[in-house]
Protein chains: 2
Amino acid sequence: MGQETTRRSSAIPNEGHGAVSSVEKALRLLSTFSLASPQWALSDLAREHGIPKSTAHNLLKTLQAFDLVRQDPEDRVYRLGPRALEMGFLYARSTELLGQARPHLRRLAERSRETVKLGILSDSEVLIVAAVESTHQLHTRGDIGTRWPLHSTGLGKAILSALPLAEAEALARRRGLAALTKQTATSWPKLRAELAATRERGYAMDREENEAGVRCVAAAFVDPLRGAVAAVSVSGPSVRLSDAELAILGQEAVAVARAIRPHPHWEEL
Amino acid sequence: MGQETTRRSSAIPNEGHGAVSSVEKALRLLSTFSLASPQWALSDLAREHGIPKSTAHNLLKTLQAFDLVRQDPEDRVYRLGPRALEMGFLYARSTELLGQARPHLRRLAERSRETVKLGILSDSEVLIVAAVESTHQLHTRGDIGTRWPLHSTGLGKAILSALPLAEAEALARRRGLAALTKQTATSWPKLRAELAATRERGYAMDREENEAGVRCVAAAFVDPLRGAVAAVSVSGPSVRLSDAELAILGQEAVAVARAIRPHPHWEEL
DNA sequence: CAGGCTGTTCCAAGGGACTGAACACGGATT
DNA sequence: AATCCGTGTTCAGTCCCTTGGAACAGCCTG
């Protein structure tokens with residue numbers, strides 16, 4: 001069989017080759033809208049991306065025609081449009097992963113009484129695609145659609161540990177190993193050792209490496225058919241999550257990850 | 001094979017003079033993914049849109065670089081990517097309308113024990129952006145992200161009735177007045193009369209005009225700041241929704257619509 | 001009222017997207 | 001096996017279409 005990596009490493013989006021530049025610009029404009037700054041004036045967008053106003057204007061009008069962005073008739077700022085929501089739910093409903101995972105996540109959340117998340121690798125980060133929040137007064141958030149670093153989170157380290165080492169290094173390096181707390185692994189050797197331990201253990205641990213006072217365990221799995229790599233995590237405040245507790249939850253996360261792994265359609269073969 | 005490829009896939013909105021055609025093509029490709037056909041082969045996409053394979057290939061690779069579509073490494077079909085979900089939740093969270101509406105919708109659903117939906121005008125159709133489903137065994141669906149015709153639904157008629165007549169006619173005509181049941185208004189004069197009655201009454205009624213056995217009332221409102229026109233509806237099986245019941249729920253829908261109307265940021269001034 | 005902002009329109013010019021053909025692969029059919 | 005579909009991918013030349021400067025029109029602020 002072909003031993004070569006002729007196949008493009010699917011995890012890393014290949015920017016640059018064969019990309020249609022006007023489309024790229026348009027999508028980059030679209031990606032500018034974030035939770036922190038959900039509305040943008042034309043001039044600011046143009047400045048932000050270093051393109052002329054008129055070019056940005058043309059692109060935005062095209063996006064607007066599809067209702068992906070809308071312009072406030074009053075103060076003329078642009079915001080995301082409802083079509084974005086439609087596409088999001090389309091993705092959520094057409095992806096078997098989510099439907100299969102939900103009951104498992106819910107059960108794990110009930111047993112652990114902590115926040116349970118499902119994240120997937122997207123664009124060198126972890127993207128939360130499903131979550132069940134803890135009912136405790138003090139708890140970690142489970143916001144769908146948020147992104148997190150690979151190197152400092154349980155989900156991220158679990159995902160990295162499931163990939164070939166070279167690929168993991170490339171991914172981790174791409175965003176840099178920023179120190180988010182005193183415990184964050186900020187060098188690749190340190191992180192590589194972490195990943196080795198994770199692989200050994202079967203699940204990843206995050207002891208306040210991403211946020212002070214927050215601990216987490218996570219287990220990865222690979223959607224065999226779609227090639228996506230994902231992970232489930234349980235996270236909560238350190239005061240409730242002792243080492244012993246983490247060990248138990250880690251095993252449970254592994255079990256859930258195994259259970260979620262979508263059975264291929266051809267399993268009956 | 002289908003000759004319907006020649007048919008104008010009129011899901012494409014406003015042409016516009018400033019439209020960037022390559023971006024337009026890319027977005028059209030993106031819009032092809034639907035609940036009914038969530039995965040597409042490159043060749044099929046190219047055929048569907050009447051563009052060369054290589055063009056479609058370039059566009060898809062660009063979309064893929066942004067994780068808006070993903071290609072299955074195994075059978076090479078394209079599907080929506082997780083970035084779609086991210087953008088969807090971004091829209092949902094950055095839109096004050098939804099956050100403000102939710103408690104009202106929930107309360108109305110509890111009182112009526114029927115399915116309550118919030119829809120907005122998008123691309124000459126009603127797009128469901130929030131919903132609370134009835135707990136009854138027999139109930140209507142409340143799927144976020146789905147689209148419905150303007151002329152045959154309570155939400156649609158409520159929205160049309162809130163617009164200037166000329167605009168309403170243009171919108172209704174754009175998609176055509178298809179007969180979905182025996183009761184559907186299939187001519188503009190008929191629909192116009194309906195809209196007049198709706199305006200008089202304050203809320204729209206749908207008596208099995210969209211689906212046999214389903215009745216609905218809906219009240220529109222206009223987001224003054226963002227200029228979006230939206231509506232809330234209560235829908236359920238005809239057996240539970242007598243004329244008397246509809247009249248009561250209609251008034252409640254009107255009250256909720258009034259309550260939802262987002263107060264401008266400057267209310268504290 | 002000038003001066004700085006917006007967002008929008010226009011048009012000419014140059015570069016990049018389109019596209020058809022050729023390639024490689026895999027599964028059917030012969 | 002050989003042949004024929006079908007697929008997805010690559011490549012390079014030609015022309016169209018994007019680009020982006022300059023000009024216009026409003027709206028605030030100075």
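Letters A, B, ... mirror the listed sequences (proteins, then strands); counts begin at 1.
In this entry the distance linking CG of B:D75 with P of D:dG8 reads 10 Å, nearest Å. Between A:L45 atom CG and C:dT8 atom P there is a gap of 12 Å when expressed in whole angstrom units. In this structure, the CD atom of B:E24 is 12 Å from the P atom of C:dC18, given to the nearest Å. Rounded to whole Å, atom P of D:dG21 lies 11 Å from atom NZ of A:K53. In this structure, B:W40 places its CH2 atom 13 Å from P of D:dG8, rounding to the nearest Å. One can place CZ of B:R70 at 20 Å from C1' of D:dG8, the figure rounded to the nearest angstrom. Atom CG of B:L59 and atom C1' of D:dC17 are 14 Å apart (whole Å). In this structure, the CD1 atom of B:I51 is 11 Å from the C1' atom of C:dT19, given to the nearest Å.
B:S21 comes within 4.0 angstrom of the backbone, heavy atoms only, and of no base.
Close to C:dT8, at under 4.0 Å from its OP1 or OP2, lies a side-chain N or O of A:Q71. Of the side-chain N and O atoms in B:H57, none sit less than 4.0 angstrom from OP1 or OP2 of D:dG8. A sub-4.0 Å separation between OP1 or OP2 of D:dT7 and a side-chain N or O of B:R47 is present. B:K25 has a side-chain polar atom (N or O) that falls below the 4.0 Å cut-off from OP1 or OP2 of C:dC18.
Here the NZ atom belonging to A:K61 is positioned 4.0 Å from the NE2 atom belonging to A:H57, to the nearest 0.5 angstrom.
Side-chain N/O atoms of A:S22 and base N/O atoms of C:dG16 include no donor-acceptor pair closer than 3.5 Å. Side chain B:S43 to base D:dG8: no donor-acceptor pair is found below 3.5 Å.
Residue B:N58 has its side chain nearest to C:dC18 when only C:dT8, D:dT9, C:dC18 are considered. Side chain of A:K61, nearest nucleotide from D:dG21, D:dT9, C:dT8: C:dT8. Listed nucleotides D:dT10, D:dT9, C:dG7 differ in distance to A:R76; the shortest reach to its side chain belongs to C:dG7. Distances were taken from every side-chain heavy atom of A:V20 (C-beta onward) to each of D:dG20, D:dG8, C:dC18; the shortest belongs to C:dC18.
No donor-acceptor distance shorter than 3.5 angstrom exists from the side chain of A:R79 to the backbone of B:Y91, with no hydrogens or angles considered.
Contact of the A:L165 side chain with the A:R192 side chain is registered, since non-hydrogen atoms from C-beta on lie closer than 4.5 Å.
A donor and an acceptor atom, one from each side chain of B:R141 and B:T146, are nowhere located under 3.5 Å apart. Looking only at atom types and distance, the side chain of B:R76 has no donor-acceptor partner in the side chain of B:Q71 under 3.5 Å away.
With the nearest nucleotide of DNA chain D identified for both B:S54 and B:D44, B:D44 has the one nearer the 5' end.
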